[in-house]
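Heads up: numbering here begins at 1 and tracks the sequence. Because the structure is a prediction, the values reported are computed rather than measured.
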Amino acid sequence: MITQFPEPASVAAAGTLTGATLAANVTASSLTSVGTLASLTTSGTLTLDATALISSTSATALAIKSAVPAGTGVTPTVQIICPSTATALTDGSSAQNVFSPVGFDTISAQASTTYMFDGAYVIKTTGTTLHTISMSFALSGGASVTDCSWITLNTPQAAPPVATARAQDSNFFAAVAGGLINASTSLAFNVVKFQGILRMNAAGNVVPQITFSAAPGGTNTLEIGSYLKFYPVGSNTINSVGTAIG
């Protein structure tokens, strides 16, 4: 006597399903009220229809992670800081966090990972004291880097938007310590655009900072439109990404 078992394509009200292997094709509609589903392996395809919803109580788990997403070998998590209101800067000459409010002034970086980054700072000062501005990235939480190379283009302006500004300062840095991004000025606005590559050694925090050479005086703010974007592209020794590169 041969007993036939139905293919496990539909699992309903299972409660807890652990170490399950489903040989047939599985659709989202066939997995109804499963409860907890652990170590699921499918040899067919897993199809999510238009009404399917993947949700989690963990923000990290909201992303579907692959061992090699997009060919980079890293979790494709983009980190962006972009304040929706002007934020205060200290009227002083010590290094200070660019995005000063606690909660969104720090980038969390993975070990042995290469990051590309770009951003723009719109810095407003109402004082009249001549000063320069330096940019840097501080490291904390055990972070260390193998390399950090970046370029800046700074435009001092009386009040944007204005006609095309021809006076610009540019610089190149080969370390997180950075350096000067502009010549001495007392103009109200400094708009700096920057981009670069940072290769992490040990995991930790990367904190964007600026330093005024002298207290500008008055009220100092980081204006709306300022942002910083960090995104991983591969290991800290990667030379290229993409199979079309030869």
Side-chain angles (χ1 to χ4, degrees), residues 78-109 115-141 143 145 148-198 204-231:
V78 178
Q79 299 182 69
I80 299 174
I81 305 175
C82 51
S84 59
T85 60
T87 56
L89 293 172
T90 301
D91 182 31
S93 57
S94 299
Q96 58 181 299
N97 295 357
V98 178
F99 304 97
S100 56
V102 176
F104 61 89
D105 61 354
T106 300
I107 298 294
S108 178
Y115 289 86
M116 298 188 74
F117 63 88
D118 67 78
Y121 298 160
V122 182
I123 301 168
K124 179 181 179 182
T125 59
T126 61
T128 58
T129 301
L130 284 170
H131 64 278
T132 60
I133 302 174
S134 295
M135 281 181 59
S136 61
F137 293 99
L139 303 177
S140 64
V145 302
C148 183
S149 302
W150 41 300
I151 58 175
T152 62
L153 179 64
N154 179 83
T155 304
Q157 295 178 266
V162 297
T164 302
R166 297 185 182 276
Q168 297 175 329
D169 300 308
S170 62
N171 214 336
F172 168 78
F173 306 110
V176 292
L180 289 175
I181 62 170
N182 68 338
S184 185
T185 181
S186 61
L187 291 176
F189 286 85
N190 276 275
V191 181
V192 57
K193 185 71 177 71
F194 58 92
Q195 62 185 46
I197 297 177
L198 182 149
N205 301 319
V206 178
V207 185
Q209 295 186 328
I210 61 168
T211 305
F212 297 128
S213 62
T219 301
N220 307 290
T221 53
L222 186 75
E223 296 293 284
I224 297 174
S226 300
Y227 77 93
L228 174 65
K229 178 172 70 173
F230 256 72
Y231 48 102

Of all the heavy-atom pairs spanning [X] and [Y], show the shortest one and how long it is.
X    : Y    : answer
P156 : A167 : CD-O, 3.3 Å
A215 : S93  : N-CB, 4.4 Å
W150 : G178 : CZ2-CA, 3.5 Å
Y115 : S108 : OH-O, 4.2 Å
F173 : L180 : CZ-O, 3.3 Å
T221 : A86  : CB-CB, 4.5 Å

Which distance, rounded to the nearest 0.5 Å, do you find between the [atom1] of [X] and the [atom2] of [Y]?
X    : Y    : atom1 : atom2 : answer
T152 : N171 : OG1   : CG    : 5.0 Å
N220 : T126 : CG    : OG1   : 6.0 Å
L198 : I107 : CG    : CD1   : 10.5 Å
F117 : Q195 : CZ    : CD    : 9.0 Å
T125 : L187 : OG1   : CG    : 8.5 Å
L153 : N182 : CG    : CG    : 11.5 Å

Candidate pair I210 and L89, rule side-chain contact (heavy atoms from CB on, under 4.5 Å), full reasoning: CA-CA 9 Å; I210 61 168; L89 293 172; 4.0 Å; yes
I want to check something: taking the side chain as every heavy atom from C-beta on, are [X] and [Y] in contact at a cut-off of under 4.5 Å?
X    : Y    : value
D105 : S100 : no
I197 : S149 : no
Y231 : I80  : no
N205 : L139 : no
I181 : N190 : no

Residues Y227, D118; criterion side-chain contact (heavy atoms from CB on, under 4.5 Å); working and verdict: CA-CA 8 Å; Y227 77 93; D118 67 78; 2.8 Å; yes
Plane angle bin for F137 and F230 - parallel if under 30°, tilted between 30 and 60°, otherwise perpendicular: perpendicular
Whether F99 and Y121 hold their rings parallel, tilted or perpendicular, with breakpoints at 30° and 60°: perpendicular
Test log, rule side-chain contact (heavy atoms from CB on, under 4.5 Å), inputs I133 and I123: CA-CA 10 Å; I133 302 174; I123 301 168; 4.1 Å; yes
Donor-acceptor contact present, side-chain Q209 to main-chain A95, <3.5 Å: no
Under 3.5 Å donor-acceptor, E223 side chain and K124 backbone: no
Intermediate values then yes/no, side-chain hydrogen bond (donor to acceptor under 3.5 Å, both in side chains), S94 and Q96: CA-CA 6 Å; S94 299; Q96 58 181 299; over 6 Å; no
Set of residues satisfying ring pair (Phe, Tyr, Trp, His ring centres under 6.0 Å) with respect to F212, sequence neighbours excluded: H131
